[in-house]
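One-based numbering along the sequence shown. All values below were derived from every heavy atom in this structure, side-chain atoms included, with hydrogens, water molecules and symmetry-related copies excluded. Since this is a predicted model, take the numbers as computed values, not measurements.
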Amino acid sequence: MKRGKFKPSALDELYEAILCLETKEECSAFFDDLCTVLELQTLSQRLQVAKMLREHHVYSDIVNVTGASTATISRVNRSLNYQSKNGYDIVFNRMEEQHKYHRTELADAEPDESEE
């Protein structure tokens with residue numbers, strides 16, 4: 001990850017704060033305080049894009065289900081396919097181990113609001 005203008009200690013402190021959270025409710029409270037609604041939607045969207053790419057869904061289905069741009073999908077795809085160790089795989093593998101990973105079913109997916 002590019003650290004840009006952030007001091008490594010500030011990012012480390014953020015990571016440590018996240019690691020202190022123990023429940024979904026604590027995560028929700030912390031991220032609601034930390035992020036705007038749009039930021040949370042963006043993070044959630046990228047996670048869903050990664051999940052669908054990992055499940056070998058095509059770009060057009062990912063766009064329709066998530067509303068993500070093809071540029072976002074490409075960026076997430078690069079992370080999944082061209083980094084020897086990526087965070088998405090770590091998270092998805094652990095979710096699978098804990099039986100918290102649910103495959104994306106296109107039939108169950110809600111259409112993008114812009115298509116209504």
Side-chain angles (χ1 to χ4, degrees):
M1 175 182 172
K2 294 180 183 176
R3 301 230 177 196
K5 295 180 182 179
F6 292 111
K7 294 181 180 180
S9 61
L11 279 175
D12 288 344
E13 192 166 17
L14 173 63
Y15 300 149
E16 291 297 334
I18 293 167
L19 289 170
C20 288
L21 301 170
E22 295 179 2
T23 66
K24 194 183 301 187
E25 291 77 19
E26 289 178 357
C27 285
S28 177
F30 179 70
F31 281 97
D32 284 348
D33 289 345
L34 184 67
C35 301
T36 66
V37 171
L38 182 59
E39 290 167 336
L40 288 172
Q41 289 171 338
T42 300
L43 293 170
S44 176
Q45 180 187 66
R46 286 185 182 176
L47 186 65
Q48 292 307 307
V49 167
K51 181 179 172 187
M52 291 184 75
L53 285 168
R54 192 171 186 255
E55 294 170 357
H56 307 290
H57 290 280
V58 296
Y59 273 40
S60 59
D61 287 339
I62 297 170
V63 168
N64 289 333
V65 171
T66 67
S69 69
T70 55
T72 295
I73 298 168
S74 293
R75 181 192 180 284
V76 172
N77 192 43
R78 278 192 307 275
S79 295
L80 285 170
N81 292 311
Y82 301 106
Q83 293 180 11
S84 60
K85 184 175 181 180
N86 69 70
Y88 292 119
D89 281 342
I90 293 168
V91 167
F92 291 135
N93 289 339
R94 290 202 181 136
M95 288 176 73
E96 286 171 346
E97 289 169 5
Q98 298 171 11
H99 306 288
K100 295 179 181 178
Y101 183 96
H102 305 285
R103 291 192 60 81
T104 305
E105 299 294 332
L106 293 181
D108 295 338
E110 295 183 22
D112 184 31
E113 291 177 15
S114 64
E115 294 180 352
E116 295 179 14

Practice problem: Could you tell me whether the side chain of Lys51 and the main chain of His102 form a donor-acceptor pair under 3.5 Å? | Solution: yes
Quiz item: So with a 6.0 Å cut-off around CD of Glu96, is the heavy-atom count from everything else above 12?
Solution: yes
Exercise. With side chain to side chain donor-acceptor pair (under 3.5 Å) as the test, would you mind laying out the steps for Asn77 and Asn81 before giving the verdict?
Key: CA-CA 6 Å; Asn77 192 43; Asn81 292 311; 2.5 Å; yes
Quiz item: Where do Thr104 and Glu55 land on the side chain to side chain donor-acceptor pair (under 3.5 Å) test, with the steps shown first?
Solution: CA-CA 8 Å; Thr104 305; Glu55 294 170 357; 3.1 Å; yes
Exercise. Rounded to the nearest 0.5 Å, what's the gap from CD1 on Ile73 to CG on Leu80? Could you check?
Key: 12.0 Å
Quiz item: When rounded to the nearest 0.5 angstrom, what distance separates CG in Leu40 from CG in Leu34?
Solution: 8.0 Å
Quiz item: Could you give the distance from CZ (Arg78) to CG (Leu53), rounded to the nearest 0.5 Å?
Solution: 11.5 Å
Quiz prompt | Short side-chain to backbone donor-acceptor contact, Thr66 and Ile62, under 3.5 Å | solution = yes
Exercise. For Asn64 and Ser60, indicate whether the former's side chain and the latter's backbone hold a donor-acceptor pair under 3.5 Å.
Key: yes
Quiz item: So do Tyr88 and Arg54 actually touch side chain to side chain, heavy atoms under 4.5 Å?
Solution: no
Exercise. May I ask you to decide if Lys24's main-chain N or O and Ser28's side chain share a donor-acceptor pair within less than 3.5 Å?
Key: no
Quiz item: Between Leu106 and Met52, is any pair of side-chain heavy atoms under 4.5 Å apart?
Solution: yes
Practice problem: To the nearest 0.5 angstrom, please state how far the OH atom of Tyr101 sits from the CE atom of Met95. | Solution: 8.0 Å
Quiz item: Same cluster or not: are Val63 and Leu43 linked, directly or through other Ile, Leu, Val, Met, Phe, Trp or Tyr residues, by side-chain heavy atoms under 4.5 angstrom apart?
Solution: no
Self-check item: Interatomic distance, Tyr59 atom OH to Ser69 atom OG [nearest 0.5 angstrom]
Solution: 10.0 Å
Practice problem: To the nearest 0.5 Å, tell me how far Ser9 OG sits from Leu14 CG. | Solution: 11.5 Å
